[in-house]
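Contents: one structure, followed by commentary.
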Amino acid sequence: MNRNIKEIVAQMTLEEKAGMCSGKDFWFLKSVERLGIPNVMVSDGPHGLRKQDSEGDHLGLNESIVAVCFPAACATASSWDEKMLESMGKTLGEECQAENVSILLGPAANIKRSPLCGRNFEYFSEDPYLTGRMAIAEIKGVQSWDVGTSMKHYAANNQEFNRMSCSSNLSERAFREIYLTGFEMAVKEAQPKTLMCSYNKINGVYASENKKLLTDILRDEWGFQGYVMTDWGAVADRVKGIQAGLDLEMPASGGVNDRKIVEAVKNGTLDEKELDKAVENILRVSFSYIDHRHPEARFDRDADHAKAIDCATECGVLLENNGILPLSAGKKIAYIGEYAAKPRFQGGGSSHINCSKVTSALESAQAKGRNVTYTKGFPFDGDVLDEAELAAAVKAAQEADVAVIFAGLPDVIESEGYDRKSMAMPVCQNRVIEEVAKVQPNTVVVLHNGSPVEAPWADSVAAVLEMYLGGQGVGEATDRLLYGEANPSGRLAESFPYRLEDNPSYLNFPGDGFNVDYAEGIYVGYRYYEAKKLPVRWAFGHGLSYTTFEYSNLRLSAPSMSDDTTVTVSVDVTNTGKVAGKEVVQLYVADKNGTPGRCIKELKGFEKLSLQPGETKTASMVIDARALSFYHEGLGDWYAPSGTYEVLVGHASNDIKLTAEVSFTTAKKLPLIITGATTLGELLKDSRTAAVAGKMVAEMGKAFGADQPSDEPNPLGSGAEMMEAMMYGMPIKSLASFSGGAIDLDGLIATLNQFANA
Ligand code: BGC
């Protein structure tokens with residue numbers, strides 16, 4: 001239906017318009033019957049439907065309808081499989097249509113800055129590009145059913161401690177490159193119908209009243225078309241919020257803030273046009289849902305459970321394997337750890353799903369008639385070691401051919417609302433793993449966690465399979481992977497440092513409660529570990545398979561590119577093993593121009609290929625100028641200097657197979673504003689002033705006798721070299737003062753600025 005939204009808004013009273021800008025209750029928007037404005041519902045998200053029919057809450061406390069829990073983002077990101085995530089999104093979209101939910105509150109696209117963030121399980125990755133690609137896939141999937149998404153929590157919300165008030169303080173460059181890029185990619189490519197602003201402040205300004213964030217960047221730069229809602233209770237100053245570009249306050253404000261809006265319009269503080277814009281944004285999205293209902297949509301819990309299993313199978317990451325996996329059918333296997341019988345598969349808080357059913361690995365093994373025994377070893381929750389249970393676990397392991405320990409992080413440790421205190425697993429679990437590994441060389445550890453853990457036992461076990469929080473089908477997915485019914489094809493979406501202290505945010509997490517300084521800047525995750533040459537337990541992008549792959553024939557569609565041309569990077573990958581498998585071809589880019597402050601390499605492309613034994617396929621990935629660029633604060637734009645860039649293609653960030661070079665030319669000019677503080681070095685480096693500065697240096701050199709040979713040996717090099725180094729760092733104001741009045745500083749600045757702007 002073609003509706004004239006402006007006309008509808010024109011018919012609304014001031015009170016109705018103000019009322020439209022906050023929820024009716026916990027989950028519904030308000031309706032205006034006389035104008036046909038619908039009563040639409042929103043629900044969490046992001047990896048299942050938490051629709052609350054009765055008492056509402058934002059912490060997952062009250063019961064929601066029976067639904068299906070898919071793998072959380074920590075797991076789906078590890079699949080590096082956009083098709084899988086898009087298809088999971090489609091299922092969620094259909095569930096929403098069937099349950100009459102207009103917006104699914106997700107995906108969550110915050111960066112995993114520290115392993116300790118309590119909500120990391122809901123976030124995709126430490127890398128913004130991977131985050132963006134996965135968010136795009138989920139949004140496209142959900143929205144294909146004409147249901148909206150709410151990408152959250154915008155922005156720089158990377159911890160739970162004082163998340164509602166703390167200020168995330170960071171440089172513009174880190175903000176743009178690390179914390180905004182995922183949001184930017186998704187807004188530009190998938191247009192989420194809504195965005196949820198976060199609770200926190202950014203450099204002192206609440207996200208909910210941050211005009212730069214909600215309007216200048218989101219709408220003016222990126223072209224966002226939907227509406228912005230608050231996180232639940234994130235409003236600070238409601239009127240400032242409207243002015244900044246915040247459309248909807250959630251949940252209800254009990255009319256308090258609506259009255260403030262009315263008052264502000266009446267007293268002239270708020271232009272009614274700004275209010276109209278917010279209402280239009282909300283109505284456009286709500287009507288688009290109402291006008292595209294799908295009566296054919298079904299919430300088929302059994303089919304969706306099967307889907308949840310398939311998704312989880314794609315997410316498992318095989319971290320270590322000495323050849324013990326896949327397990328062979330004839331072997332006697334001891335399952336140890338309560339997660340074998342009762343998997344840990346989702347995190348606490350607003351994403352918590354009331355599951356239709358949960359399959360455990362033990363149940364799957366028993367259903368398939370596998371030769372397994374089960375010992376509890378340690379409890380599902382808490383950190384209590386029962387010596388008798390430990391002894392029973394050790395005995396069971398001794399009596400079996402292989403021990404599989406199902407371990408990870410208990411529920412209480414990982415949840416929305418608070419952060420983890422350490423990166424360690426419970427002591428009781430580490431102890432059981434260590435004791436079992438002493439008596440059983442064929443010990444396999446299966447992990448269930450939403451974020452990296454320290455794994456002090458990693459070198460003494462035979463295999464480690466990371467299943468993350470894999471949703472309600474995780475048990476069957478684990479079974480398939482352990483026994484080779486499926487070949488692990490996940491890759492880490494984050495680095496596993498050896499210890500928490502190695503993490504770049506260690507000294508600045510979680511701040512003092514008022515401020516948290518992102519002092520590590522852009523050096524988050526592998527960007528930091530690589531720059532510091534700091535070894536990690538498992539690197540970003542790492543993941544093993546039951547087959548092997550060979551890379552060949554790396555080629556570029558052109559040897560060079562520019563601001564508006566792209567290059568396609570292609571590489572052939574062959575499955576050289578005996579079983580079918582999937583390889584995630586990863587493309588990284590490195591600046592080879594000595595540009596200060598650039599990372600060793602950054603992920604800029606990937607493709608997941610499915611290969612039969614002996615089969616060869618080609619991965620093709622496109623790079624553009626943005627892929628080579630960093631955010632230049634002086635320019636206020638993305639910038640890559642002209643020069644040479646390396647393209648690195650391989651299996652993981654620490655396993656590059658082939659490289660090539662591409663040359664790049666930009667027409668972008670960096671601003672050069674000359675002041676007394678500008679150094680001769682800066683002038684010499686810039687082509688606009690290099691010639692004139694060169695002359696100045698030569699004259700200075702003569703004046704100081706640097707061209708005369710010296711008899712004195714100089715540890716810093718020759719007199720000429722020393723003079724050059726000194727002059728390089730010399731501001732022109734000092735040059736003028738050394739000249740004893742011969743150089744007129746103002747005149748020199750004016751002349752140089754003419755060259756700079758020529
Ligand atoms: C969470 C959001 C969630 C909302 C509604 C908030 O506390 O931060 O992610 O969507 O509650 O439950």
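For ligands, and for the atoms within them, numbers begin at 1 and follow the listed sequence.
For the ring-ring contact (aromatic ring centres under 6.0 Å, His included) test, no residue two or more places apart in sequence or in another chain qualifies with Phe175.
A distance-only check finds a donor-acceptor pair linking the side chain of Lys51 to the backbone of Glu99 [under 3.5 Å]. Side-chain atoms of Asn200 do not come within 3.5 Å of backbone N or O of Ser168 as any donor-acceptor pair. Remark: side-chain polar atoms of Arg420 are paired, donor with acceptor, to backbone N or O of Pro115 under 3.5 angstrom.
With hydrogens and angles left out, the side-chain atoms of Arg119 and Ser350 include a donor and acceptor closer than 3.5 Å.
Near ligand 1, Trp27, Asp44, Arg50, His58, Leu105, Arg119, Lys152, His153, Arg163, Met196, Tyr199, Asp231, Trp232, Ser350, Glu416 each place a heavy atom less than 4.0 angstrom from the ligand.
Across all non-hydrogen atoms, the minimal contact from Asn157 to Ser198 is CB-CB, 3.7 Å.
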